[in-house]
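Bear in mind that the values here come from a model prediction, so they are computed numbers and not experimental data.
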Amino acid sequence: MRDVTTAQPLDVQPTPLALLLLGREADPKSERGVECPGDLPSPSDPDLVARARAAKEKLGDKVFVLGHHYQRDEVIQFADVTGDSFKLARDAAAKPEAEYIVFCGVHFMAESADILTSDDQKVVLPDLAAGCSMADMATAEQVAECWDVLTEAGIAEQVVPVSYMNSSADIKAFTGKHGGTICTSSNAKKALEWAFEQGEKVLFLPDQHLGRNTAVRDMGMSLEDCVLYNPHKPNGGLTAEELRDAKMILWRGHCSVHGRFSLDSVNDVRERIPGVNVLVHPECKHEVVAAADYVGSTEYIIKALEAAPRGSKWAIGTELNLVRRLANRFAAEDKEIVFLDKTVCFCSTMNRIDLPHLVWTLESLADGKLINQIQVDAETESFAKLALERMLALP
């Protein structure tokens, strides 16, 4: 096994998906199209870093660059703040003097930033094809149809929707309109506890794994308390009796990154690295979470590694850009940090935002051209903000 240092990369092998991850291919299933207006700089341009720096300096306080933890290092270096999606949206709202919010993340994150920032601020996504496969798995039409199914089963009045932050503005608005709340991977338990005080059942959108893991692992429910609603099947593939008996109605959605980790991954890394600590994100499958030593959000993962003793060994089940960054960061403390899977596992759509897209965005703004603005309509924003405010009011 290789040591993880700045000189020795993580032992992963690229897959055919790598071409898409490099941002050189189109993703026809992304949330908002795949075309990028204008001419992008060549990725081989040796002056890209200098150009990005010059454009950012020209914009000064007018621009605020947000960098999600899963972004490439070449992009992260220009971020004014880094973090998870909700933290970044709040950071943007706390920077009212910034006219332009450049969100180096994915579409639903930029929507959240637009919802929380003032009308004077303009949220920009460097590549409109930077969507989220999980968010795409629950559309407004599908969720409305699901609610009709719950109504026909006679249980809609008992159901409180809880939607993960990784959802579109439309789904957040549906949640707010139907008396529900939003949650993050950090506060999902509190959100579910609140929801069960309001009603007898929860419709959890769109990540089945976070919903199941929180209900079973953190709240003591059984797997039998959970049913899986499949929007591609009549009535979600469930009978009225199954819906009436369930406590948790889980949407059939998942993260394409975290969903790939398996129990075999955990067993293999324990065999290869004696004494390793397995730390995974709660978006992973239930059997992976059950076999791990520690489970937590992206921020939890970072803090756990910060607090870890020198010489400790860790296998991390989350996005590879972050794992690589942490491995390099803590190599000097002799902390061995490896990726839980043997093959490459980037967030494909997030990785569409690369240095050429960022340079193009900053230079366009510096020239007075507003591009790729993300705007949520007033009605959707109103109900989505209501759901977010309910989350912020959680104890």
Side-chain angles (χ1 to χ4, degrees), residues 1-5 8-18 21 69-70 133-134 185 188 207-224 226 228 250 252-331 333-348:
M1 184 199 70
R2 300 177 184 175
D3 291 331
V4 180
T5 66
Q8 293 177 300
L10 295 177
D11 187 13
V12 293
Q13 298 298 318
T15 67
L17 188 59
L21 309 184
H69 285 309
Y70 297 166
S133 59
M134 179 196 296
S185 53
D207 181 23
Q208 60 170 302
H209 300 307
L210 178 62
R212 184 181 295 106
N213 289 329
T214 305
V216 176
R217 181 179 182 272
D218 299 334
M219 299 182 67
M221 296 186 201
S222 69
L223 290 174
E224 288 70 32
C226 308
L228 189 63
L250 304 171
R252 189 177 181 271
H254 65 276
C255 170
S256 57
V257 171
H258 295 107
R260 69 171 289 122
F261 297 114
S262 66
L263 186 56
D264 287 342
S265 301
V266 177
N267 294 335
D268 177 75
V269 79
R270 291 197 190 281
E271 184 177 339
R272 289 188 291 114
I273 310 175
V276 71
N277 296 283
V278 177
L279 170 56
V280 303
H281 196 281
E283 290 176 20
C284 293
K285 298 172 184 175
H286 181 66
E287 59 265 28
V288 174
V289 165
D293 299 302
Y294 303 94
V295 181
S297 66
T298 302
E299 295 293 338
Y300 174 90
I301 290 171
I302 294 170
K303 291 177 181 178
L305 293 177
E306 287 174 342
R310 295 182 68 92
S312 55
K313 302 174 182 180
W314 297 83
I316 311 299
T318 193
E319 205 269 350
L320 183 54
N321 274 319
L322 175 60
V323 179
R324 281 179 166 169
R325 194 172 299 126
L326 293 171
N328 290 333
R329 175 183 171 186
F330 294 113
E333 299 178 25
D334 197 29
K335 297 175 186 178
E336 183 178 344
I337 299 171
V338 302
F339 190 57
L340 181 57
D341 202 5
K342 284 185 174 182
T343 55
V344 68
C345 191
F346 292 107
C347 176
S348 61

[atom1]-[atom2] distance between [X] and [Y], expressed to the nearest 0.5 angstrom:
{"X": "K285", "Y": "N213", "atom1": "NZ", "atom2": "CG", "value": "12.0 Å"}
{"X": "C284", "Y": "D207", "atom1": "SG", "atom2": "CG", "value": "9.5 Å"}
{"X": "E306", "Y": "K303", "atom1": "CD", "atom2": "NZ", "value": "8.0 Å"}
{"X": "K313", "Y": "R270", "atom1": "NZ", "atom2": "CZ", "value": "13.0 Å"}
{"X": "D268", "Y": "I273", "atom1": "CG", "atom2": "CD1", "value": "9.0 Å"}
{"X": "S262", "Y": "N267", "atom1": "OG", "atom2": "CG", "value": "8.5 Å"}

Grab the two heavy atoms, one from [X] and one from [Y], that are nearest each other, plus how far apart they are.
{"X": "C226", "Y": "V216", "value": "SG-CG2, 4.3 Å"}
{"X": "D341", "Y": "R260", "value": "OD2-NE, 2.8 Å"}
{"X": "V257", "Y": "E319", "value": "CG1-CA, 4.0 Å"}
{"X": "A315", "Y": "V276", "value": "N-CG2, 3.5 Å"}
{"X": "P282", "Y": "G296", "value": "CD-O, 3.1 Å"}
{"X": "A291", "Y": "L263", "value": "CB-CD1, 3.5 Å"}

Original post:
How are the rings of H281 and H258 set to each other: parallel, tilted or perpendicular (split at 30° and 60°)?
Top reply: parallel
Does a side-chain heavy-atom distance below 4.5 Å link [X] with [Y]?
{"X": "V280", "Y": "F261", "value": "no"}
{"X": "R212", "Y": "V289", "value": "no"}
{"X": "I301", "Y": "I316", "value": "yes"}

**OP:** Check side chain to side chain donor-acceptor pair (under 3.5 Å) between R325 and all other residues, then give those that pass, not counting sequence neighbours.
**Re:**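 Residues passing side chain to side chain donor-acceptor pair (under 3.5 Å) with R325: D73.
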**OP:** Mind checking side chain to side chain donor-acceptor pair (under 3.5 Å) for E333 and listing every partner two or more places apart, or none if nothing turns up?
**Re:** K335
Subject >> Donor + acceptor pair across side chains of Y70, T298 (<3.5 Å) >> reply: yes
Original post:
Are the side chain of N277 and the backbone of Y294 linked by a donor-acceptor contact shorter than 3.5 Å?
Top reply: no
